[in-house]
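Structure incoming, see below.
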Amino acid sequence: MLSHRRPEMGTLLARSLALLALLCLLFPCNGKLSTKFYAKSCPGVATIVRSAMAQAVAKEPRMGASVIRLFFHDCFVNGCDASILLDDTPTFTGEKNAGANSNSVRGYEVIDAIKTQVEAACKGIVSCADIVALASRDAVNLLGGPTWNVQLGRKDSRTASQSAANANLPGPGSSAASLVSAFVAKGLSARDMTALSGAHTVGRARCLFFRSRIYTEPNINATFAAARQQTCPQTGGDGNLAPFDDQTPDAFDNAYFRNLMAQRGLLHSDQELFNGGPMDAQVRKYSGNAGMFATDFAKAMVKMGGLMPAAATPTEVRLNCRKVN
């Protein structure tokens with residue numbers, strides 16, 4: 001009897017292996033990221049994201065900087081897993097109200113809108129984490145910066161950690177040494193950190209975060225400090241905004257590094273990159289070589305985008321980026 005069943009079992013095994021091979025073609029099984037991850041399952045995802053980001057940036061150029069920051073604040077807390085997108089509930093505390101995120105991180109609605117379009121095209125296939133990674137690349141490029149091939153295949157975490165966000169995200173008062181150590185802890189070099197800090201060539205900061213610098217620090221251009229004081233009083237006006245780069249505030253270029261050399265860094269942590277320390281030489285190189293900065297920035301974004309949650313983290317592809325399925 002058993003001998004008659006063996007061919008049947010062999011056929012079933014062959015079919016199972018063939019099915020597994022097909023699934024691995026559609027959804028790579030080795031857990032590694034790939035630029036071709038959605039080539040079969042959702043080939044139009046990059047076009048959808050790019051179109052939506054083009055509309056968002058055309059409507060409000062600052063949104064490009066906000067989405068770049070959203071990606072950074074996601075990846076730096078337990079990996080690029082879209083944990084930052086989860087809303088708080090009566091029984092769950094997420095990362096949105098962590099110190100560095102509350103009343104500061106923006107762009108959630110843009111990601112929601114992109115997710116809705118992607119779900120309409122490919123239901124339940126593309127993770128929110130991958131949408132954020134694609135959107136941040138497009139934000140940089142739409143503002144005049146470089147582009148790169150985005151590695152894809154991330155999953156969305158079913159958890160988040162406000163305490164991890166508070167512990168892992170560098171603050172505006174960070175020293176050069178603490179910035180380097182925070183990035184090295186994530187497998188990113190001092191050069192990666194300096195390049196990624198160049199994202200402050202676009203975007204705005206709240207008065208609350210640069211008040212101390214413009215009123216008390218000696219290593220600041222006096223004309224620049226006086227200009228910033230016009231909209232950031234010593235008391236009140238915490239939410240008043242100022243551009244990181246007041247030369248070309250919505251252009252992704254290397255002006256940020258030229259500003260640092262002129263002691264026109266907006267945050268304490270910005271000016272720390274050019275303050276007689278080990279990053280001075282790299283800042284000088286980037287200020288005089290926009291191509292080098294663009295190349296290094298793209299490489300560092302890919303590297304940061306490879307930060308993954310711990311293996312035991314429960315993950316899924318969320319249908320709604322704000323809540324678990």
Side-chain angles (χ1 to χ4, degrees), residues 23-54 64 67-85 107 110-111 114-115 117-119 121-122 124-143 145-158 168 183-189 191-193 195-199 252 293-318 321:
L23 287 171
C24 286
L25 181 64
L26 293 173
F27 312 97
C29 293
N30 57 7
K32 292 182 179 178
L33 303 181
S34 165
T35 58
K36 295 180 166 44
F37 191 87
Y38 299 113
K40 303 282 188 185
S41 58
C42 193
V45 61
T47 302
I48 294 170
V49 175
R50 175 77 180 198
S51 176
M53 280 304 300
V67 170
I68 299 166
R69 185 161 179 255
L70 182 64
F71 181 56
F72 171 72
H73 281 228
D74 182 34
C75 293
F76 244 62
V77 182
N78 297 328
C80 311
D81 60 357
S83 56
I84 194 173
L85 303 181
V110 171
I111 302 301
I114 297 173
K115 177 65 169 173
Q117 293 182 43
V118 171
E119 284 298 300
C122 322
I125 299 293
V126 181
S127 68
C128 300
D130 277 344
I131 287 173
V132 174
L134 286 166
S136 63
R137 183 270 309 269
D138 291 335
V140 171
N141 188 235
L142 287 162
L143 293 173
T147 189
W148 57 90
N149 293 322
V150 178
Q151 299 282 328
L152 301 167
R154 299 168 190 80
K155 293 293 185 285
D156 302 321
S157 174
R158 289 178 53 83
N168 283 271
F183 278 72
V184 168
K186 304 295 181 186
L188 298 163
S189 67
R191 181 167 178 156
D192 293 328
M193 182 274 291
L196 289 170
S197 296
F252 199 99
F293 164 55
T295 298
D296 281 4
F297 183 84
K299 287 179 180 176
M301 285 289 276
V302 171
K303 199 169 171 182
M304 184 175 72
L307 295 175
M308 292 290 102
T313 305
T315 59
E316 64 187 5
V317 173
R318 274 182 232 144
C321 292

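Here the structure is a predicted model, which means the values were calculated and not measured. Note: hydrogens, waters and symmetry copies are ignored here, and every other heavy atom, side chains too, is used.
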Inter-residue atom distance Ile68.CD1 - His73.NE2, 0.5 Å rounding: 12.0 Å
Side chain to side chain contact (heavy atoms under 4.5 Å, CB included) between Thr313 and Asn78, intermediate numbers included: CA-CA 9 Å; Thr313 305; Asn78 297 328; over 6 Å; no
pair Phe297-Val140: side-chain heavy atoms closer than 4.5 Å: yes
Test item: Ser51 side-chain N/O and Thr47 main-chain N/O as donor-acceptor pair under 3.5 Å: no
Worked check of side chain to side chain contact (heavy atoms under 4.5 Å, CB included) between Phe71 and Met304: CA-CA 9 Å; Phe71 181 56; Met304 184 175 72; 3.8 Å; yes
Separation of Cys321 SG from Ile114 CD1 (nearest 0.5 Å): 9.0 Å
Heavy-atom pair with the smallest gap, counting every atom of Val67 and Ser136: CG1-N, 3.8 Å
Least distance between heavy atoms, Gly64 atom then Ala139 atom: O-CB, 3.4 Å
NZ/NE/NH1/NH2 to OD/OE distance under 4.0 Å, Arg154 and Asp81: no
Flag side-chain contact, heavy atom, 4.5 Å: Phe293 against Phe252: yes
Rounded distance [0.5 Å steps], NZ in Lys32 versus CE in Met308: 13.0 Å
CA sep, side-chain torsions, deciding dist, call: Leu134, Met53, side chain to side chain contact (heavy atoms under 4.5 Å, CB included): CA-CA 10 Å; Leu134 286 166; Met53 280 304 300; over 6 Å; no
Donor-acceptor pair, side chain of Asp156 and main chain of Ala129, under 3.5 angstrom: yes
Electrostatic pair Asp192-Lys303, nearest N-O below 4.0 angstrom: yes
Lys299 atom NZ: more than 12 heavy-atom contacts under 6.0 Å: no
Heavy-atom pair with the smallest gap, counting every atom of Leu33 and Gly153: CD2-C, 3.6 Å
Asn141 vs Arg50 side-chain heavy atoms within contact, under 4.5 Å: yes
Rounded distance [0.5 Å steps], CD1 in Ile125 versus CZ in Phe37: 9.0 Å
Interatomic distance, Cys75 atom SG to Ile84 atom CD1 [nearest 0.5 angstrom]: 9.5 Å
Heavy-atom pair with the smallest gap, counting every atom of Ala82 and Asp74: N-OD2, 2.9 Å
Within-4.5 Å side-chain heavy-atom neighbours: Arg158 and Thr315: no
Closest contact, heavy atoms only, Val150 versus Ala133: CG1-CB, 3.9 Å
Sub-4.5 Å side-chain heavy-atom contact between Phe76 and Leu188: yes
Polar side-chain atom of Glu119 near backbone of Gly124 as donor-acceptor pair, under 3.5 Å: yes
Pair Arg318-Ser127, side chain to side chain contact (heavy atoms under 4.5 Å, CB included): steps then yes or no: CA-CA 6 Å; Arg318 274 182 232 144; Ser127 68; over 6 Å; no
Contact check, side chains of Leu70 and Leu85, non-hydrogen atoms, under 4.5 Å: yes
Stepwise side chain to side chain donor-acceptor pair (under 3.5 Å) check, Arg137 with Asn149: CA-CA 9 Å; Arg137 183 270 309 269; Asn149 293 322; 5.2 Å; no
Side chain proximity check, Phe72 to Leu196, heavy atoms < 4.5 angstrom: no
Test item: Lys115 and Cys128 side chains (from C-beta on) under 4.5 Å apart, heavy atoms: yes
